[in-house]
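Because the structure is a prediction, the values reported are computed rather than measured. In what follows, every heavy atom counts, from backbone to side chain, and hydrogens, waters and symmetry copies are set aside. Quick note on labels: first sequence line is chain A, next is B, and so on, each numbered from 1.
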Number of protein chains: 2
Amino acid sequence: MSLSTDSPDQPTLYKRIRADIEKRILTGEWPPGHRIPFEHELVTRYGCSRMTVNKALSELAQADLIERRRRAGSFVRRPQHQSAVLKIADMRAEITGLGRAYGYELIGRKLRTATTVDRDRLGVKKAGKVIAITCRHSADKVPFAVEDRLIDLASVPDAATADFSREPPGSWLLHHVPWTEAEHTISAIVADDRTAEALDIAIGAPCLVIDRYTWRSARTITAVRLLYPGDSHRLVARFKGG
Amino acid sequence: MSLSTDSPDQPTLYKRIRADIEKRILTGEWPPGHRIPFEHELVTRYGCSRMTVNKALSELAQADLIERRRRAGSFVRRPQHQSAVLKIADMRAEITGLGRAYGYELIGRKLRTATTVDRDRLGVKKAGKVIAITCRHSADKVPFAVEDRLIDLASVPDAATADFSREPPGSWLLHHVPWTEAEHTISAIVADDRTAEALDIAIGAPCLVIDRYTWRSARTITAVRLLYPGDSHRLVARFKGG
DNA sequence: TTGACTTATATGTCTAGACATATAATCGTA
DNA sequence: TACGATTATATGTCTAGACATATAAGTCAA
């Protein structure tokens, strides 16, 4: 057609089809709810096989830009949200990735029967055993974050015998338990006396809080709260659109 | 083979192949750097065509779980990072999505030649014109967030004549300018007097800060800083693994 | 040993078919 | 009118090939 006839070193066909459609969606030419041409129409338009347009549409569906419905067709999805991929490495990788020396210190470790608060935090009904861990991560000897973690022993029995005095629980879990789902909640608080001391900041200083819940097939594995000094640390999430 | 012979209502073959490989990666059986069997080996193992294993591997590559290198093979990727998709709707959608009444109020709008600070914030060299906007979003008449935005008029000339007294600049931009890339930086501060007044919170109360930079093909469009009361608002990012 | 050239090979893309399956639409019946 | 059965159709998956292309590895000359 007359669109994008200026292609110097032509990317592959399915990528061009994908880009064409993506562009129309992002520019609003095809608004949310709009029906994308049927595969057989695109086959005619681009003069290629169905598998090729199918690959383009499948990738757009995977990226949540369109929704595909059998017999009905493919439609531009509503949420024009910006979405960003927030990469949260485990603490060691995060700190060494910044080119700084990683330090770890176990502050407390308690094995107990889940309290009401614990059960609420893990989202479990029964009062099984849990491990509560408090520890500190530092970068170049400076406190970087304090971690307050709860592990459900019913889901991760091995954690009872793990040595968390040398290995951070986050790393240990990463290597011993495959997660399937996680939810992060980000908020801000001001440091209370205990937090202030652990992070070596002033009482009342801002802290960034990340609460992370990790499941494996609908079963809670661990709940962790990370406290970062709010003015020193920054979480970066980058999104790539077109 | 002998693995997963118990499949009640068999998902499609390529999904099973993908799940099999994913499982080995997540359990650590195939650690980062490990070479996945070649496509032709998987073809033999699963007794299917190459296109089928190719689809499975392509999806794993798209999900960043493996890396594919021509002639060399496919390898388990290093970053065991957890990554989470952070969906940031525009403010109206975010608030109405919570079932609350959305309110908007323009606090200030200034058209000026970019100052040094402005240029720094937008990451541009030349001193073109910019619009600086301050506004407030509320939910059920309660302040929800204050927004401090800078728009580069060289990239978005139409913004000069847009009426931001009724439509929030975020919504306007979303509908008028397609973005291609965005970066979010999340941090925490304590409210100064001006912020405290705008959000109707106490001076020194924690605030969650989101700085967002949006580009379209390497060109900065807008820089925005959003301030939320840190104890009331929560940013949720959810990740789906297996 | 080093650099340039050649070759083998795994992935990348594509085709022209096929059958499966969910479901919107239609038609028939209570 | 409402509901249940039937049908048409768009997508979902799959095959058995094909050629393209990047590149690891091997070859050979300077």
Side-chain angles (χ1 to χ4, degrees), chain A residues 1 4 7-25 30 32-78 240, chain B residues 1 4 7-22 24-25 30 32-78 240 242:
Chain A
M1 290 281 97
S4 66
S7 309
D9 60 333
Q10 216 69 310
T12 57
L13 181 51
Y14 93 86
K15 280 183 181 161
R16 260 188 47 227
I17 299 174
R18 175 162 62 84
D20 276 4
I21 296 171
E22 200 167 316
K23 192 167 127 196
R24 295 195 206 227
I25 293 174
W30 287 348
H34 177 91
R35 212 205 73 229
I36 307 279
F38 295 129
E39 291 191 351
H40 67 263
E41 297 177 285
L42 293 170
V43 161
T44 308
R45 178 179 312 188
Y46 290 96
C48 63
S49 80
R50 210 189 117 215
M51 276 302 283
T52 301
V53 307
N54 184 284
K55 182 160 187 176
L57 292 177
S58 295
E59 288 196 4
L60 289 169
Q62 248 187 293
D64 261 356
L65 268 170
I66 66 170
E67 188 189 345
R68 314 198 72 198
R69 290 207 301 272
R70 269 189 154 115
R71 162 74 212 237
S74 302
F75 301 84
V76 177
R77 271 180 66 93
R78 232 183 314 289
K240 209 164 154 302
Chain B
M1 291 275 94
S4 66
S7 310
D9 60 333
Q10 216 71 311
T12 56
L13 181 50
Y14 93 87
K15 280 183 181 160
R16 261 187 46 227
I17 299 173
R18 174 162 61 83
D20 275 6
I21 295 171
E22 200 167 316
R24 297 196 206 226
I25 294 173
W30 288 348
H34 178 91
R35 212 206 73 230
I36 308 277
F38 295 129
E39 291 192 352
H40 68 262
E41 297 178 285
L42 293 170
V43 162
T44 308
R45 179 178 314 188
Y46 289 97
C48 62
S49 80
R50 211 190 116 214
M51 276 302 283
T52 302
V53 308
N54 183 282
K55 182 161 187 175
L57 292 177
S58 295
E59 288 196 4
L60 288 169
Q62 249 187 295
D64 261 354
L65 269 169
I66 66 171
E67 187 189 345
R68 313 198 73 199
R69 290 207 300 272
R70 269 189 156 116
R71 162 75 210 236
S74 303
F75 301 83
V76 177
R77 270 180 66 92
R78 231 185 321 290
K240 209 163 156 303

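Put simply, B:S74 has a side-chain N or O that comes within less than 4.0 Å of OP1 or OP2 on C:dT11. Residue B:K15 places no side-chain N or O under 4.0 Å from the OP1 or OP2 atom of D:dG12. In terms of phosphate contacts, B:S49 brings no side-chain nitrogen or oxygen within less than 4.0 Å of OP1 or OP2 of D:dG17.
Nearest-nucleotide positions on DNA chain C place A:M51 closer to the 5' end than the other of A:R70 and A:M51. Nucleotides of DNA chain C nearest to A:K55 and A:A72 differ in position, and the one nearer the 5' end is that of A:K55.
What separates OH of A:Y46 from P of C:dT15 is a distance of 14 Å, to the nearest Å. In this structure, A:I66 places its CD1 atom 11 Å from C1' of D:dT11, rounding to the nearest Å. Between A:E67 atom CD and D:dG12 atom P there is a gap of 11 Å when expressed in whole angstrom units. Atoms CG (A:L42) and P (C:dC14) sit 14 Å apart, rounded to a whole Å. Regarding B:Q62, its CD atom lies at a distance of 15 Å from the C1' atom of C:dT11, rounded to whole Å. Between the P atom of D:dT15 and the CG atom of A:N54 lies a distance of 15 Å, rounded to the nearest Å. Residue A:L13 contributes atom CG, which lies 21 Å from atom P of D:dA18 at whole-angstrom precision. If you measure from atom CZ of A:F38 to atom P of D:dG12, you get 13 Å, rounded to the nearest angstrom.
Counting any heavy atom pair closer than 4.0 Å across all strands shown, B:L57 reaches no nucleic acid atom.
Looking at A:I36 and A:L60, their side chains never come closer than 4.5 Å, going by heavy atoms from C-beta outward.
Distance check, rounded to the nearest 0.5 Å: CD1 of B:I17 to OG1 of B:T12 gives 9.0 Å. Here the straight-line distance linking atom CG of B:N54 with atom CD of B:E39 works out to 4.5 Å at 0.5 Å rounding. Distance CD1/A:I66 to CD/A:E22: 10.5 Å, rounded to 0.5 Å. Note that CG of A:L57 and CZ of A:R50 are 10.0 Å apart. Values are rounded to the nearest 0.5 Å.
Side chain A:R71 to base D:dA8: a donor-acceptor pair is found below 3.5 Å. With hydrogens and angles ignored, a donor-acceptor pair closer than 3.5 Å exists between the side chain of B:R50 and the base of C:dG12.
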